[in-house]
Structure formats: C-alpha cells, structure tokens
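Some notes on the structure that comes next.
None of the values given here were measured: they were computed from a predicted structure. Here, residue 1 is the first one in the sequence, and each next residue gets the next number. First listed ligand is number 1; within each ligand, the first listed atom is number 1. Side chains included, hydrogens not; waters and symmetry mates left out as well; all remaining heavy atoms used.
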Amino acid sequence: MTDITMKEYIDEAEKDLLHTYNRFQIVLDKGEGVHLYDLDGKEYLDFVAGIAVFALGYGNKEYNDTLKGQIDKLIHTSNYYYNVPAVEAARALKKFSGMDRVFFTNSGAEAIEGALKTARKYAFLKDGKTDHEIIAMNHSFHGRTMGALSVTGNPHYREAFEPGIGNIKFADYNDLDSVKALVNDKTCAILLETVQGEGGLTPATEEFIKGIRTICDEKDILMILDEIQCGMGRTGYPFAFMKYGIKPDVLTTAKALGCGVPIGAFCMTEKVGQASLVAGDHGTTYGGNPLCCAAAAKVLEIMERDNIPAKAAVAGEYLWEKLEEVKAEFPEIKEHRGTGLMQGLVFDKPVNPIINKALEKGLILINAGSDIIRFVPPLVITKDDIDRMVTILVSAIRENK
Ligand SMILES: *Cc1c(COP(=O)(O)O)cnc(C)c1O
C-alpha cells in the first residue's frame, strides 16, 4: 500500500471521528511480538503497548486461540446468569491480587466509578449520612467519566465539565501531612495510584502509603488503590502495593487485565464486600461477559505460570540502567523516575518533537504530560529490545538539539 492510502485514511478519520486526540500521523495495521506495523508495512518497536495494555506482546497464540474459541462458544450473556469464564477470571484475579470480591467492568474509569460507589455505600451503611468526603491526590489520573474525572487531580481536565461529583478534596502525593490535614469524620475514602502514571511516573514512598494505611485503619476509612496502569505485573509484582507489605480495601485494575479486550475490575476485601454494594446497587450490561473474561482468565494464567512479573522486574532493572546512561549524556534530562517497566524521563522542554523523531525512526513512545517521555513497553520485552530502543531514542534526542 502507498503513502496516499495511509493519508487518505487519516483525512477520513479527521472528518468522521470526533477530534478528541491529536493523533500521530500513522495508521497501525497489525502487531507481532513487540512490533507494530503501519499500513505501509513499516515496522515499529513498541514501547507503549497501547498505554500499558498489551503486556504479553502481540499475536500471543495461546491468548488468541482462547479468544477465538470463546467467540465460537459464547460472546455475551447477561449478568442475570452465571458464566464459566467470569468465574474463572474472578478466581484467578483473587489469587493474583489477594483481594476477596471482584466486580468486572468494561474500562478503568468504570472500575473507579464502582470503587467510589463502594466507599460511599460503606460509609452510608455505618452512619446513614449522605455528606461523605473522598480524598484524592493532585497530579492523579483516574479516567474521563464524570465520577472518575471528579477525583482526577488535574484541573485542566476538569474545568470545562464542572461541577463534578461533590465532596472531593485533593492532597499532595507523597505528602502525608497534606492528607492528614483533610481527614475528618466525613471522610469515607482515600484514593491514590500506587505509582502515578499519567501524572508523572511517581511511585508512592513507603512512608506515605503505610501512613495512609494507618489513617484508614484507625478511622475505618477505605483505602482505594488505583492500579489500572501500574498493576498486572508491570512493577515487578503482581500488583504494585505488594512491594510495601500493605493491602488496600478496594483495588482497581484494567488496562493489562484483558491485554486488549475491554475489561477492568474493582476488587475488595471480604469485610468491605459484606458491608457495601448489594443486589440492585450496581450493574453493567457488558461487564463480566464471557469473551472479555476468557481473555482476562488466560492473561492471569500466563502471568502466573510464566512468572511475567519477575521477568518485568529484571527487564525493568536493565531499562533503569540504560535510561540512567541516557540521562547522564543529556543535560536537558532533569529527572528519571518510575519503577519496573513503568519509567519516565523528565525533560526541561516539551518532548513531542523527540517522540515524533523516534516514530520516524521506527520507535513508538508516548509522553506523560508535556515534558515527560513515558516507557511502558509490553512486559515481554528483552534486553535486545531495550538496547535497540535506547539507540533510537538517543539519536532522536541528538537530532532534536
Ligand atoms: C488509564 C487509567 C484509568 C482510566 O482507564 P480507562 O480504561 O481509560 O477508562 C484510570 N486510572 C489510571 C491510573 C489509568 O492509568
């Protein structure tokens, strides 16, 4: 196919699709392993994985065969009936996360919505009041629906859509005193990402996350950890909170849970499960359908069987070493943050020109904010892939001087 064909698709897309993204000027057509191919057949090394989604790499035969088999068997039924893949996916997710109860959603934002409803109901059942408050974090990202947006600590995303849901307060991430200052008798939940993704690849400090756990224990406040981006093996642990030896009351996951099919979940402890949402309180038509759950069950099986989190930890350490070398070479790189296969380089200028240069050279990267390059590759990348990525990255930075 020719350049003109790709350009024609792009022009048509710009006429037909609502312009809510400034898209890179390529049409992606297929994937294989850690590579993507555009309509012209040009190969790209993928260090984005659909933003931390395609953990297992493209074209995993076992995963694809599972989906094909489920398509021929049963794609959808209603949540008014049981289905086998949902039971298997819930069992596997409980084992992987250590949580007790699971509700499957269609997306990350919906998992956040469910977590917020859980917290409000839990508090309502205790005191019958309807003025409960939720503490969220500045620079957080929790999704684009009205509830998830209301707890997203980026005023720019929220402004035009105010008022959001009420009684949300924002504290500073990794500043325990700023959280303590907001806690009162109305507080029903403290919500944070274990590693902030969109907001800048910042892991929680041990003092911060354990301090929040303590506050929540003392006051019977629900600790909600959003691991939609940092969970599912990416930080070297099945879920990032496991590194700290703590456990949330409510956990959200999505992105890599389905590795490409739309599925998320909010999970909770048995204690919260027994004292929050009941029949009639929450529902979804698609959530937990057999097709998406078959995918999630298979992803979880492969993650556990093949020790994907441990492999991500090893690859993540190598990526860290290599990006430290890159940082040492270029004074315009101010900081290197993150953990596991979730890292970022903070520049003293906008990074999109570098990302576009890399794209020309066959490397897919993405930003987090305007001045950070984010690295969230498939969890199956090798040292060779990382070496090739760094070679292209370095030449893209050099040419952008
Ligand atoms: C992507 C993301 C979300 C939103 O997930 P969607 O599936 O896009 O709705 C929420 N929280 C975090 C931390 C995310 O990275």
Side-chain angles (χ1 to χ4, degrees), residues 18 20-21 23 48-55 93 97 103-119 134 136-154 157-158 161 164-165 168 170 173-174 189-204 209 223-235 237 239-241 248 250-267 284 286-289 292 295-296 299 337-344 366-369 372 374-377 379:
L18 193 65
T20 54
Y21 287 92
R23 292 179 165 88
V48 177
I51 311 200
V53 169
F54 234 106
L93 183 54
S97 66
F103 184 103
F104 288 116
T105 66
N106 309 289
S107 67
E110 285 168 273
I112 293 292
E113 299 289 336
L116 300 178
K117 283 180 73 175
T118 300
I134 293 168
M137 301 299 146
N138 288 317
H139 300 296
S140 63
F141 182 81
H142 298 293
R144 302 296 199 146
T145 56
M146 284 305 280
L149 189 62
S150 301
V151 290
T152 287
N154 181 338
Y157 286 171
R158 289 200 314 268
F161 308 101
I165 64 166
I168 309 296
F170 289 96
Y173 196 73
N174 282 339
I190 300 176
L191 164 67
L192 65 151
E193 293 152 270
T194 315
V195 183
Q196 284 195 331
E198 184 84 19
L201 294 307
T202 312
I209 206 162
M223 179 179 192
I224 307 173
L225 288 183
D226 178 352
E227 297 223 8
I228 289 166
Q229 188 164 158
C230 64
M232 294 299 293
R234 183 156 295 280
T235 66
Y237 296 81
F239 284 90
F241 69 80
V250 180
L251 173 74
T252 60
T253 172
K255 291 198 163 87
L257 176 62
C259 275
V261 300
I263 183 167
F266 59 99
C267 314
T284 162
Y286 279 142
N289 80 45
C292 293
V299 169
R337 293 190 202 139
T339 178
L341 287 174
M342 189 173 173
Q343 298 184 29
I366 196 115
N367 63 308
I372 304 177
R374 161 166 42 174
F375 302 86
V376 284
L379 302 186

So do the side chains of M223 and I190 get within less than 4.5 Å of each other, counting heavy atoms only?
no

Any side-chain donor near an acceptor of the partner, [X] and [Y], under 3.5 Å:
X    : Y    : result
Y157 : E198 : yes
T145 : E113 : yes
T202 : N174 : no

So if I only count non-hydrogen atoms and take anything under 4.0 Å from ligand 1, which residues does that give, chain by chain?
S107, G108, A109, F141, H142, G143, E193, D226, I228, Q229, K255

With F161, which residues qualify under side-chain contact (heavy atoms from CB on, under 4.5 Å), at least two apart?
M146, L149

Answer yes or no: are there more than 12 heavy-atom neighbours, outside Y286 itself, under 6.0 Å from its atom OH?
no

